[in-house]
**Student:** 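Dropping the structure in here first, questions after.
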Amino acid sequence: MEIETVGIVGAGTMGAGIAQTAAVAGLKVVMIDVTDAALSKGLAALSSSLERLVSKGKLDADARAAALARIETSTDYQRLRDANIVIEAATENNDLKVRILKQIESVARADAIIASNTSSISITALGAALADPSRFIGMHFFNPVPMMPLVEIIRGVRTSPQTADAVRELTTRFDKSPVGVKNSPGFVVNRILVPMINEAFFVLAEGIATPDEIDAGMKLGANHPIGPLALADLVGLDVVLSVLEVFQKDFGDPKYRPCPLLRELVAAGHLGRKTGHGVYNYA
């Protein structure tokens, strides 16, 4: 199947980033969210991201204008009826994702692929909620989507080979590098990365070092481009906590217990860059 139109549900950081990537690749995009305000915010962030690429000489002004012209926004799921693939990019919450995926399936064409950008939830379990799980797959993009080259492609037990092949080809059209992984909580990258971030919170909570010192240690000692606490702020502390809770539930292993300090910051609404305050203060 030739994919020409990409539907995206969720205009947040990840959804807008996927929309930008698809539009720059020359594909028509339909981005859906529950409110016009959310769509306007996502489109504004996307436009600013494109403008930064122009200012850095990585995209010309005509290409930016053409990409924006390919993006349609709507609060009406019916606008997804002509999409060849619809990617769910909602908050990392199982019940919410299931509701959205069922809504997508109710309006999507019979041959459309349905994908989830989940970073930790079982693709097999999500697919089981659909009438046709053979066309369902995981596409785990990384933040910031326009800059990060990796996409984890996750097949559920009932995902068809044809669906996997089409998504791998689409990922290449996005100028991304697809990596096929087995369905398992956190897949590969987050299975390794999120426990490391959690351990950084334990180190911070125990007063072993300051946030700056912890991050500097990992940047200078492990050659990481960004420290684990700054990365948590970028990803969103609520997202990190959600992933850890999935690990703890699905693996049943206490080593995935979220640090109480992480829970405390999330409870306080200090979620990172998106709220202006996380481990660090961005105000």
Side-chain angles (χ1 to χ4, degrees), residues 12-14 16-18 20-21 45-46 48-53 55-58 91-92 117-120 140-152 176-177 179 181 184-248 251 253-283:
T13 301
M14 298 304 292
I18 298 167
Q20 175 181 329
T21 300
L46 185 159
S48 295
S49 177
L50 288 171
E51 189 57 47
R52 285 194 296 273
L53 292 177
S55 67
K56 293 177 181 179
K58 296 181 178 180
T91 303
E92 198 72 354
N117 181 52
T118 180
S119 56
S120 62
H140 180 208
F141 292 81
F142 291 79
N143 186 30
V145 177
M147 307 305 295
M148 298 295 283
L150 177 66
V151 179
E152 288 181 319
K176 303 293 184 187
S177 298
V179 172
V181 303
S184 178
F187 317 125
V188 171
V189 174
N190 279 346
R191 172 80 176 271
I192 298 166
L193 178 65
V194 173
M196 182 196 75
I197 293 174
N198 194 43
E199 195 63 28
F201 275 98
F202 276 112
V203 170
L204 178 62
E206 291 166 21
I208 295 172
T210 68
D212 284 330
E213 290 166 335
I214 292 167
D215 281 348
M218 292 306 293
K219 288 192 289 183
L220 300 175
N223 203 29
H224 290 190
I226 184 172
L229 298 174
L231 179 59
D233 276 354
L234 178 63
V235 170
L237 271 59
D238 53 334
V239 176
V240 174
L241 178 58
S242 293
V243 172
L244 284 166
E245 288 174 335
V246 169
F247 287 179
Q248 189 178 32
F251 288 118
D253 192 326
K255 74 178 181 180
Y256 296 113
R257 176 177 68 95
C259 176
L261 175 59
L262 173 61
R263 288 192 181 278
E264 188 76 1
L265 289 171
V266 172
H270 293 176
L271 308 183
R273 288 182 178 270
K274 60 188 173 185
T275 59
H277 198 167
V279 176
Y280 298 97
N281 191 339
Y282 300 92

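What you are looking at is a predicted structure, and each value in this text was computed from that prediction instead of being measured.
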**Student:** Name all pairs fulfilling the side chain to side chain donor-acceptor pair (under 3.5 Å) condition that reach into residues 224-236, sequence neighbours left out, sorted by first residue then second.
**Tutor:** Asp233-Tyr282
**Student:** To the nearest 0.5 Å, what is the distance between CG on Leu237 and CG on Leu241?
**Tutor:**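 Spacing of CG (Leu237) from CG (Leu241) equals 8.5 Å.
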**Student:** Among all residues two or more places apart in sequence or in another chain, which pass the side-chain hydrogen bond (donor to acceptor under 3.5 Å, both in side chains) test with Thr21?
**Tutor:**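 Testing Thr21 for side-chain hydrogen bond (donor to acceptor under 3.5 Å, both in side chains), a comparison that skips the adjacent residues, returns none.
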**Student:** Do the side chain of Asn198 and the main chain of Cys259 share a donor and acceptor less than 3.5 angstrom apart?
**Tutor:**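 Looks like yes, one N/O pair under 3.5 Å.
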**Student:** Not counting sequence neighbours, which residues clear side chain to side chain contact (heavy atoms under 4.5 Å, CB included) with Arg257? List them please.
**Tutor:** Phe202, Gln248, Pro260
**Student:** Given side chains that start at C-beta, do those of Val235 and Ile197 come closer than 4.5 Å, heavy atoms only?
**Tutor:**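 When only atoms from C-beta onward are counted, Ile197 and Val235 do not touch, as no gap falls below 4.5 Å.
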**Student:** Show the nearest heavy-atom pair for residues Thr210 and Leu204, with the distance to one decimal.
**Tutor:**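 Where Thr210 meets Leu204 most closely, the heavy atoms are C-CD1, 4.2 Å.
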**Student:** Could you check whether any side-chain heavy atom of Tyr256 comes within less than 4.5 Å of a side-chain heavy atom of Pro185, counting everything from C-beta outward?
**Tutor:**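 They are not in contact (no side-chain heavy atoms under 4.5 Å apart), so the answer is no.
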**Student:** Looking at every non-hydrogen atom in both residues, tell me the closest pair between Ala200 and Leu229 and how far apart they are.
**Tutor:** CB-CD2, 3.9 Å
**Student:** Of all residues at least two apart in sequence or in a different chain, which pass the side-chain hydrogen bond (donor to acceptor under 3.5 Å, both in side chains) check with Thr13?
**Tutor:** none
**Student:** Please enumerate all residues that pass side chain to side chain contact (heavy atoms under 4.5 Å, CB included) together with Glu51, with sequence neighbours excluded.
**Tutor:** Val54, Arg64
**Student:** Could you work out, with side-chain hydrogen bond (donor to acceptor under 3.5 Å, both in side chains) as the rule, every residue matching Glu152, not counting sequence neighbours?
**Tutor:**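 side-chain hydrogen bond (donor to acceptor under 3.5 Å, both in side chains) check on Glu152 returns His140.
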**Student:** Holding to side chain to side chain contact (heavy atoms under 4.5 Å, CB included), I want the full list of residues that pass it with Ser184, two or more places apart in sequence or in another chain.
**Tutor:** Arg191, Phe251
**Student:** Backbone N or O of Ser119 within a donor-acceptor pair of the Glu92 side chain at under 3.5 Å?
**Tutor:** yes
**Student:** So which pairs with a foot in residues 273-283 pass salt bridge (charged side-chain N to carboxylate O under 4.0 Å, His left out), sequence neighbours left out?
**Tutor:**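 Pairs touching residues 273-283 that pass the test: Asp238-Lys274.
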**Student:** Take a 6.0 Å sphere around CG of Asn223 and say whether it holds more than 12 heavy atoms from other residues, nucleotides or ligands.
**Tutor:**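 12 or below, so no.
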**Student:** Please list, chain by chain and in numerical order, all residues satisfying side-chain hydrogen bond (donor to acceptor under 3.5 Å, both in side chains) with Ser242, sequence neighbours excluded.
**Tutor:** none
**Student:** Check this for me: Met196, atom CE, are more than 12 non-hydrogen atoms of other residues, nucleotides or ligands nearer than 6.0 Å?
**Tutor:**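 More than 12 within 6.0 Å, yes.
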**Student:** I need the Phe187 CZ to Thr118 OG1 distance, nearest 0.5 Å.
**Tutor:**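 With rounding to 0.5 Å, CZ (Phe187) is 5.0 Å from OG1 (Thr118).
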**Student:** Just jot down the salt bridge (Lys or Arg N to Asp or Glu O under 4.0 Å) partners of Glu245, sequence neighbours excluded, or say none.
**Tutor:**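 With sequence neighbours excluded, Glu245 shows a salt bridge (Lys or Arg N to Asp or Glu O under 4.0 Å) to Arg263, given in chain and number order.
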**Student:** For residues 194-220, which residue pairs pass the salt bridge (charged side-chain N to carboxylate O under 4.0 Å, His left out) check, not counting sequence neighbours?
**Tutor:** none
**Student:** Would you check if Met14 and Val239 make a side-chain contact, meaning some heavy-atom pair closer than 4.5 Å?
**Tutor:** no
**Student:** If I take atom OG from residue Ser48 and atom CG from residue Leu46, how far apart are they, to the nearest 0.5 angstrom?
**Tutor:**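 Reported value, rounded in 0.5 Å steps: 9.0 Å.
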**Student:** Would you check if Gln20 and Val145 make a side-chain contact, meaning some heavy-atom pair closer than 4.5 Å?
**Tutor:**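 They are not in contact (no side-chain heavy atoms under 4.5 Å apart), so the answer is no.
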**Student:** Does the side chain of Phe201 reach to within under 4.5 Å of the side chain of Ile214, using non-hydrogen atoms?
**Tutor:**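 Of all side-chain heavy-atom pairs linking Ile214 with Phe201, none is under 4.5 Å.
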**Student:** Report the residues that fulfil side chain to side chain contact (heavy atoms under 4.5 Å, CB included) with Val151, sequence neighbours left out, ordered by chain and then residue number.
**Tutor:**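 In terms of side chain to side chain contact (heavy atoms under 4.5 Å, CB included), with neighbours along the sequence ignored, Val151 is linked to Met139, Phe141, Ile153, Thr171, Lys176.
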**Student:** Might you point out which heavy atoms bring Leu265 and Gly278 nearest each other, and give the distance in Å?
**Tutor:** CD2-O, 4.3 Å
**Student:** Check Val188 against Val181 and note the closest heavy-atom contact, atom names and distance.
**Tutor:**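 Heavy-atom minimum between the residues: CG2-CG1, 3.5 Å.
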